[in-house]
Amino acid sequence: MGKSTVGGKSRNKELLYVFMTWLVFCILMLSGHYSSLIELTMSSTSFPISGKSTFSLPTKSLFPIRKTKENLPDGKKDGVLDSCSGRYIYIHDLPSRFNVDIIKNCNSSLIKWFDMCKCVMNGGFGPPATNSRDILQERSWYATDQFSLEVIFHNRMKKYQCLTNESSLASAIYVPFYAGHDVSRYLWESNISSRDAAGVDFADWINKQPEWKTMSGKDHFFVAGRIIWDFRRETNKSSDWGNNLMLLSEVKNMTVLTIESIPWSPTDIAIPYPTYFHPTSQEEVEAWQKKIKQQKRPYLYSFVGAPRPNTQGSIRGRIIEQCLDSREKCKLLNCNISSNDCYDPGRVMEIFLNSRFCLQPTGDSYTRRSTFDSILGGCIPVFFNPGGAYGQYVSYLPKNHSDYSVFIPESDIRDGKTSIEKVLRKKSEQEVVKMQEEVIKLIPKVIYVDPSSGLNTSEDAFDIAIKKVLERVNTTRRGMKTV
């Protein structure tokens, strides 16, 4: 829903991406070493689900009380171990032209033809969602734009428990450059100089800072809140898509958190798209999980999205046909016909809450925000390309993809070999319940909680991203010391 059109990419590049994604996926599956990629171990407490099996919630609260004791970077304070040792982060004080100035003119220039001011309000969460369908909880739900992660992350970083004002003591350095909001202003312009200007300026500025010299930027990271292809234009042809930010030498040294990565890139880390739910307490999370585990789901499967008739190889048209043929077994929300509904959190979540399986085909790019919305609704995602999730969010999703999702090859749908309904109906009730349990347990890991409460989270999407950044920087630092 609503991805940018990745125009200008050659067919060869798409084939290379598909091949490399399959290769990464197969290596991960065959090696059995996902455990080194996923550090999500939790002790848990259980309560019955549907009277048959158990549904587990972490015993450690997502919202532990923020510590008031000052942490010292030597690892101890008055003989007490410093919990922030190895986790300190320094926030670069960027000139405002690299962040807040970009979103000031949100009424028309932030994204051409659209007023984005509502999208950047409330710290990037957007306006509070209306609950006209009585689907959502009374608070903590917002009409969050899928490309608002840079603002959300920046505001969350300001509340990070282990900040330091001394860059020399930091394990990593966060750079609040709004790269996605910058490029969105010029994506549809033919002037490539306009598209590249802010990125070139940013790279020049960061290179001149004293903090850069310590590790040549290898301890720096930033968030790019759009798909990675929007930043990887490889030529100077005005017809080619995006800017060249990710190809700049300075940026190649940095870690980039992005909603869709290139799996074989040494610098990209894919993190979840923002969803509509930004809770302020552990109780809100548990209440929502309890609600959706008890939800009756009359539809076998559903699809929320639009056809892509001009996208070569797209199977969305076939999916829509199969959904219509399934009649009462499938719920369709066609975003070409009901576009307003597709941006209504209550309407979208209503469909996911009433469906057992949610179809997640590729669209303008390989990933979809809808994947995380469906998880939020306790709906089992159905993928048709491994690049849609398996080769992307390895730090967030289970190592065995069949634990929480169904995979049907795109070619089987394109060639008319497979009936989606028949594949899904083959799943036993016991299998479906078990998969749904796994999906519901994923919710805390794929949401971005509200930082305004002054509480700190340990296991939401933000915190997992920070852990991966620190892990990568520390590994790089150790490697540099041994050379």
Side-chain angles (χ1 to χ4, degrees), residues 1-18 20-21 110-114 116 119 144-149 179-190 195 224-234 239-243 245-246 258-263 268 270-275 303-320 332-339 341-343 348 358-374 381-393 410 413-414:
M1 295 186 339
K3 296 283 189 304
S4 59
T5 303
V6 187
K9 289 191 293 182
S10 68
R11 182 62 177 163
N12 288 338
K13 185 184 293 183
E14 292 183 3
L15 291 173
L16 175 63
Y17 182 92
V18 172
M20 291 301 293
T21 300
L110 193 54
I111 291 184
K112 202 169 184 178
W113 310 297
F114 294 99
M116 296 294 291
C119 298
T144 304
D145 184 75
Q146 63 180 343
F147 297 136
S148 62
L149 193 52
H181 284 307
D182 164 59
V183 74
S184 67
R185 298 181 294 179
Y186 309 109
L187 274 175
W188 290 269
E189 290 192 7
S190 60
R195 291 187 239 160
R226 296 184 68 92
I227 62 172
I228 205 68
W229 295 108
D230 289 350
F231 310 98
R232 295 188 66 89
R233 194 194 70 249
E234 296 179 350
S239 59
D240 282 355
W241 183 258
N243 66 19
L245 177 68
M246 300 302 169
T258 177
I259 54 178
E260 179 178 314
S261 69
I262 297 178
D268 304 348
I271 62 178
Y273 285 78
T275 65
F303 176 55
V304 177
R308 291 289 186 271
N310 298 322
T311 301
Q312 186 176 359
S314 175
I315 62 170
R316 288 193 174 202
R318 296 276 190 177
I319 282 175
I320 291 173
L332 173 66
L333 179 56
N334 189 325
C335 296
N336 268 5
I337 299 172
S338 306
S339 59
D341 282 349
C342 290
Y343 293 98
V348 172
C358 293
L359 308 186
Q360 304 298 343
T362 59
D364 298 321
S365 71
Y366 290 90
T367 62
R368 302 186 76 211
R369 178 248 183 85
S370 178
T371 294
F372 299 100
D373 290 336
S374 68
V382 180
F383 298 110
F384 303 86
N385 187 304
Y390 306 146
Q392 295 281 343
Y393 310 103
E410 282 183 331
I413 303 300
R414 189 180 299 113

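Numbering starts at 1 and runs along the sequence shown. What you see is a predicted model, and the numbers here were worked out from it, not measured in a lab.
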> Ignoring hydrogens and geometry, is there a side-chain-to-backbone donor-acceptor pair from Asp268 to Ile262 under 3.5 Å?
yes

> List the steps and the verdict of side-chain hydrogen bond (donor to acceptor under 3.5 Å, both in side chains) for Thr367 and Gln392.
CA-CA 8 Å; Thr367 62; Gln392 295 281 343; 5.9 Å; no

> Taking it one step at a time, do Thr144 and Thr275 satisfy side chain to side chain contact (heavy atoms under 4.5 Å, CB included)?
CA-CA 7 Å; Thr144 304; Thr275 65; over 6 Å; no

> Within this structure, what is the CZ-OG1 distance for the pair Phe383 and Thr371, rounded to the nearest 0.5 Å?
4.0 Å

> For the aromatic rings, using the six-membered ring if either is Trp, is the centroid distance between Tyr393 and Phe372 under 6.0 Å?
yes

> Passes side chain to side chain contact (heavy atoms under 4.5 Å, CB included), Ile228 versus Met246? Steps please.
CA-CA 8 Å; Ile228 205 68; Met246 300 302 169; 3.7 Å; yes

> Would you check if Leu149 and Arg226 make a side-chain contact, meaning some heavy-atom pair closer than 4.5 Å?
no

> What distance separates Phe384 CZ from Arg316 CZ, expressed to the nearest 0.5 Å?
10.5 Å

> Could you tell me which non-hydrogen atom of Cys342 sits nearest to which non-hydrogen atom of Val348, and how far apart they are?
O-CG2, 3.6 Å

> Please report the interatomic distance CD(Gln146) to CD1(Ile227), rounded to the nearest 0.5 Å.
9.5 Å

> Indicate the atoms forming the closest heavy-atom contact of Gly225 with Ile259, along with that distance.
O-CD1, 3.6 Å

> Go through the structure and list residues passing disulfide bond (SG atoms under 2.5 Å apart) with Cys358, not counting sequence neighbours.
Cys379

> Using only atom types and a distance under 3.5 Å, with no angle test, would you say the side chain of Ser148 pairs donor to acceptor with the backbone of Cys119?
no

> Under a 4.5 Å cut-off applied to non-hydrogen side-chain atoms, are Tyr343 and Cys335 in contact?
no

> Could you give the distance from CG (Leu245) to CG (Asp230), rounded to the nearest 0.5 Å?
11.0 Å

> Hey, does Ser374 have a side-chain heavy atom less than 4.5 Å from the side chain of Pro381?
yes

> Is there a side-chain contact between Trp241 and Leu187 (heavy atoms, below 4.5 Å)?
yes

> Quick one: pull up CD in Glu410 and CD1 in Ile315 and give me the separation to the nearest 0.5 Å.
5.0 Å

> Between Ser365 and Glu260, what is the shortest heavy-atom contact and its length?
OG-OE1, 2.9 Å

> Within the side chain of Ser314, is there an N or O that forms a donor-acceptor pair under 3.5 Å with the backbone of Thr311?
no

> Less than 4.5 Å apart, any side-chain heavy atom of Glu234 and any of Asp240?
no

> I need the minimum non-hydrogen distance between Ala306 and Asn334, along with the two atoms involved.
CA-OD1, 4.2 Å

> Looking at Tyr186 and Arg195, what are the two nearest heavy atoms and their distance?
O-CG, 3.3 Å

> Provide the closest heavy-atom pair for Glu189 versus Arg185 in the form atom of the first, atom of the second, distance.
OE2-O, 4.2 Å

> Between Asn385 and Tyr366, is a side chain to side chain contact (heavy atoms under 4.5 Å, CB included) present by the stated rule, with each step listed?
CA-CA 8 Å; Asn385 187 304; Tyr366 290 90; 3.7 Å; yes

> Strictly distance-based, threshold 3.5 Å: is any side-chain N or O of Arg232 a donor or acceptor partner for the main-chain N or O of Gly242?
no

